[in-house]
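This is a predicted model, so every value here is computed, not measured.
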Amino acid sequence: MSHVKSRREMYADATRAAVLDVATRLFAERGYAGTALADVAADAQVTRGAVYHHFSGKQALFEAVLAAQELELIERIAAETAEVADPWEAALAGLESFLDRCCDPTYGRLVWQEGPSALGWTRWKECEKEYAYGLVEQFVHSLRGAGYLRPSDINTTVWFCFQLLGAAGLRLAETGEEDKRRMRDECSAVIRAMLLGLRGDATAPGGG
């Protein structure tokens with residue numbers, strides 16, 4: 001039996017969404033250190049108590065913002081690759097979608113620049129692995145299953161691909177807007193070349 005939300009529940013959901021929207025903008029504009037929960041509450045037109053009702057503190061709020069950014073990326077890549085039958089073409093489409101997202105200044109600053117300092121290196125890496133590692137793993141396993149990749153250690157291959165994408169994301173986040181498109185294309189070319197190197201003799205599905 002489906003649950004019909006009460007007016008109080010709908011208000012709580014709307015409040016949480018408003019706080020997240022404002023926090024996303026302020027963290028991206030001012031950085032984590034330069035944003036106070038009081039600023040978020042005032043801009044969202046809610047009380048500080050309402051913010052604490054949904055989030056235990058500033059770090060918890062930032063982590064929720066980061067999660068929303070990563071989930072949006074995963075959903076976008078999944079949607080853009082869902083109809084691509086060939087695993088190799090799907091992986092390349094996913095790569096391009098990822099690089100496009102990394103060119104977004106909000107995503108770039110929140111995920112690659114503010115994330116490590118806001119959450120601490122260990123927790124930030126855990127979050128990145130939680131939201132992105134599984135997607136990379138899925139693509140690598142699909143490529144191997146189709147005969148495109150024959151690595152000696154599939155887990156190491158997944159880890160290196162994951163780190164490679166992270167390096168590209170950070171590079172784009174640190175690149176000025178005037179050079180971002182050029183850098184995005186350079187990252188694409190380098191990663192594609194590396195993926196081709198991983199293919200080795202496995203140049204076609206099931207190839208010998």
Taken in chain and number order and not counting sequence neighbours, the residues that satisfy salt bridge (Lys or Arg N to Asp or Glu O under 4.0 Å) with K180 are E177

- Task: Using modelled atom types only, decide if a donor and an acceptor are shared between the side chain of Y32 and the backbone of P116 within a distance under 3.5 Å.
- Result: no

Do L165 and L95 come within less than 4.5 Å of each other through their side chains, counting heavy atoms only? yes

- Query: Can you find a heavy atom in the side chain of Y148 that is under 4.5 Å from one in the side chain of D86?
  - Reply: yes

message: Any non-hydrogen side-chain atom of Y107 less than 4.5 Å from a side-chain atom of E72?
response: no

Nearest heavy-atom contact between G108 and A173 is O-CB, 3.5 Å

Here the pair of heavy atoms bringing C161 nearest to V140 is SG-CG2, 4.2 Å

**Report entry** Presence of salt bridge, R123 and E63, under 4.0 angstrom
**Finding:** yes

Next item on the list: With side chain to side chain contact (heavy atoms under 4.5 Å, CB included) as the test, would you mind laying out the steps for C103 and L99 before giving the verdict?
Entry: CA-CA 6 Å; C103 288; L99 294 175; 5.8 Å; no

All heavy atoms of A44 vs all of A18, minimum pair found to be CB-O, 4.2 Å

What verdict does the salt bridge (Lys or Arg N to Asp or Glu O under 4.0 Å) test give for R25 and D43, after you've listed the backbone C-alpha separation in whole Å, the side-chain angles of each residue and the deciding distance to 0.1 Å? CA-CA 10 Å; R25 177 171 55 80; D43 208 320; 2.7 Å; yes

Heavy-atom nearest pair, R109 first then E29, reads NH1-O, 3.1 Å

Checklist entry - Do L73 and I77 pass the side chain to side chain contact (heavy atoms under 4.5 Å, CB included) test, and can you show the C-alpha distance, the side-chain angles, and the key distance before you say yes or no? => result CA-CA 6 Å; L73 170 65; I77 292 176; 3.7 Å; yes

For a 4.5 angstrom cut-off between non-hydrogen side-chain atoms, does H53 reach T15? no

Would M194 end up clustered with L172 when hydrophobic side chains under 4.5 Å apart are linked, directly or stepwise?
-> yes

Tightest non-hydrogen contact, residues T81 and A90, listed as CG2-O, 3.4 Å

Distance col, row R199:CZ vs L195:CG, nearest 0.5 angstrom, shows 9.5 Å

inquiry  = Test your reading of the model: is there a side-chain donor-acceptor pair from T35 to the backbone of L26, 3.5 Å cut-off?
reply    = yes

Has S188 got a side-chain atom pairing as donor or acceptor with R184's backbone, closer than 3.5 angstrom?
no

Take atom CZ in F160; do more than 12 heavy atoms of anything else shown fall under 6.0 Å from it?
no

If we only count heavy atoms from C-beta on, is the F55 to R16 side-chain gap below 4.5 Å?
-> yes

query: Quick one: are E70 and E130 in side-chain contact, heavy atoms under 4.5 Å?
result: no

Contacts of E137 meeting side-chain hydrogen bond (donor to acceptor under 3.5 Å, both in side chains) (sequence neighbours excluded), chain-then-number -> none

Margin query: Run the side chain to side chain contact (heavy atoms under 4.5 Å, CB included) test on H54 and V19 for me, step by step, so that the C-alpha distance in whole Å, both residues' side-chain angles and the decisive distance to 0.1 Å come before the verdict.
Written below: CA-CA 9 Å; H54 294 283; V19 169; 5.7 Å; no

Heavy-atom closest pair (W112 atom, L170 atom, distance to 0.1 Å) is O-CD1, 3.7 Å

> Does W124 use its side chain to pair, donor to acceptor, with the backbone of V111 at less than 3.5 Å?
Replying inline: yes

Please determine whether side chain to side chain contact (heavy atoms under 4.5 Å, CB included) holds for the pair L110 and F62, giving the CA-CA distance in whole Å, both sets of side-chain angles, and the decisive distance to 0.1 Å. CA-CA 9 Å; L110 291 175; F62 183 88; 3.9 Å; yes

Problem set entry | Minimum side-chain heavy-atom gap F162-E128 below 4.5 Å | yes

Within the structure provided, determine whether L92 and W88 are in side-chain contact (heavy-atom separation under 4.5 Å).
yes

Interatomic distance, CZ@F98 vs CG@D100, rounded to 0.5 Å, equals 10.5 Å

Main-chain N/O of A93 paired with S97 side-chain donor or acceptor, under 3.5 Å:
no

Taking NZ, NE, NH1 and NH2 as the nitrogens, is one of them in R30 or D39 under 4.0 Å from a carboxylate oxygen of the other? yes

